[in-house]
Amino acid sequence: MQDRVVGLGAPAKTRRRPRLAEAVVEELVSAIVTEVYPAGSALPPENMLCDHFGVSRTVVREATTALTEKGLVVSLQGRGTIVREQSDWNLLDPMILAALFRREDGLAYLDNLSEIRSSLEASMAAKAAKRATAESLAELKAQIDKLESLVEIPAAYVHEDVNFHDVIMRMSGDRLSKAIIDGIQSRALNTHGYSGTLNVEHVRNTHAAHRKVYQAIVDGDAEAASRAMREHIESSWARRRASGPQA
């Protein structure tokens, strides 16, 4: 009987996705992060991975190299490819983040994301209030007006909500903080536990908070902008968290 690679589900060869190495990496990242292969354990031998995924040794080796670069594994002579402790992982890597949010304890990582956002975006809102120009304020006004028109359409509002925050982050000039938030949040947005249940009441509350942030920036009040942004992110997450599937 052919050996089966535990925990990886249906063989990737049945899906025929492009960029085979990337597909192999994605499944192995998920298996490692969700502890199908816990720290200190070895991944299946190269020949078993080849058979399971229906790929060549070259593809498996490319995938192993990618896992090594992400800090997930290390190759040890005589022991094989060994899973490293979580403290060694690159937690900002998009694939690792996506898998972390899917774990049983994924909610804790989403809580942490909200904390990071509230801290960084509060600071950026303050900078936006200080650095605002006539042109950037006009862009922000156009965005808040667009949001106003979509309050009764939650799905559309959520998309423009992200753009509202993006305008403020760009106004702040803080490109590093923006890059951190963009990288982390892009994966969380695809997680139902982060998005919560959409409804008009939540959107109305969100829009009222957006108006407070907007007005503080227009007034050039950095302290008020920071406070309004922090309160908005914290209260919005509290509402989404309570309405999510884990509630």
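Here the side chains of Asp166 and Lys178 are in contact, with some heavy-atom distance below 4.5 Å. Within the 4.5 Å cutoff, the side chain of Leu120 has heavy atoms near those of the Ile116 side chain. Within the 4.5 Å cutoff, side-chain heavy atoms of Arg102 are placed close to those of Ser30. Arg84 has its side chain out of reach of Leu72: every pair of non-hydrogen atoms, C-beta onward, lies at least 4.5 Å apart.
Put simply, the side chain of Ser149 gets close to the backbone of Lys146: a donor and an acceptor are under 3.5 Å apart. No donor-acceptor pair under 3.5 Å is formed between the side chain of Ser236 and the backbone N or O of Ile233. Listed for the Thr206 side chain is a donor-acceptor partner under 3.5 Å among the backbone atoms of His202. Side-chain N or O atoms of Ser114 include none that pairs as donor or acceptor with a backbone N or O of Asp111 at under 3.5 Å. One N or O on the side chain of Ser235 and one on the backbone of Glu231 form a donor-acceptor pair closer than 3.5 Å. Proximity of a side-chain donor or acceptor of Thr68 to a complementary backbone N or O of Thr64 within less than 3.5 Å is detected. Although no hydrogens or angles enter the test, the distance criterion places no donor-acceptor pair under 3.5 Å between the side chain of Asp105 and the main chain of Ala108. Looking only at distances, a side-chain donor or acceptor of Arg103 sits under 3.5 Å from a matching main-chain atom of Val33. Panel note: side chain Ser136, backbone Ala132; no donor-acceptor pair is recorded below 3.5 Å.
Phe164 and Met169 end up in different hydrophobic clusters when Ile, Leu, Val, Met, Phe, Trp and Tyr side chains are linked at under 4.5 Å. In the hydrophobic cluster analysis, where Ile, Leu, Val, Met, Phe, Trp and Tyr join through side-chain heavy atoms closer than 4.5 angstrom, Val158 is grouped apart from Val167. Leu113 and Ile168 fall into different hydrophobic clusters, where Ile, Leu, Val, Met, Phe, Trp and Tyr residues are linked whenever their side-chain heavy atoms come under 4.5 Å apart, directly or through other members.
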Self-check item: Test log, rule side chain to side chain contact (heavy atoms under 4.5 Å, CB included), inputs Ile217 and Leu137
Solution: CA-CA 8 Å; Ile217 292 175; Leu137 287 174; 4.0 Å; yes
Quiz item: Which is it for Thr81 and Glu46 under the side chain to side chain contact (heavy atoms under 4.5 Å, CB included) test, yes or no, and what are the steps along the way?
Solution: CA-CA 9 Å; Thr81 303; Glu46 190 176 272; over 6 Å; no
Practice problem: Begin with the C-alpha distance, continue with both residues' side-chain angles, and end with the deciding distance and a verdict on salt bridge (Lys or Arg N to Asp or Glu O under 4.0 Å) for Arg204 and Glu152. | Solution: CA-CA 8 Å; Arg204 286 174 180 159; Glu152 303 297 321; 3.1 Å; yes
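Side-chain atoms of Gln215 and Asp219 form a donor-acceptor pair, as typed in the model, at a separation below 3.5 Å. Between the side chains of Ser56 and Arg61, no donor-acceptor pair is found at a separation under 3.5 Å.
In the displayed structure, Glu223 atom CD is contacted under 6.0 Å by at most 12 heavy atoms of other residues, nucleotides or ligands.
A salt bridge does not link Glu121 with Arg230: none of the charged nitrogens is closer than 4.0 Å to a carboxylate oxygen. Checked for salt-bridge contact, Asp145 and Lys141 meet the test: a charged N lies under 4.0 Å from a carboxylate O.
His232 has its ring centre no less than 6.0 Å from the ring centre of His207.
In terms of heavy-atom proximity, Ala225 sits nearest to Ala129 at CB-CB, 4.2 Å.
Residues forming a ring pair (Phe, Tyr, Trp, His ring centres under 6.0 Å) with Tyr109 (at least two apart in sequence, or on another chain): none.
Residues Val74, Leu76 make up the rest of the hydrophobic cluster containing Ile82, defined by ILVMFWY side-chain heavy atoms closer than 4.5 Å, directly or through other members.
Ring geometry for His210 versus Tyr157: interplanar angle under 30°, hence parallel rather than tilted (30 to 60°).
Pairs passing the salt bridge (Lys or Arg N to Asp or Glu O under 4.0 Å) check and including a residue from residues 128-138, sequence neighbours excluded, do not occur.
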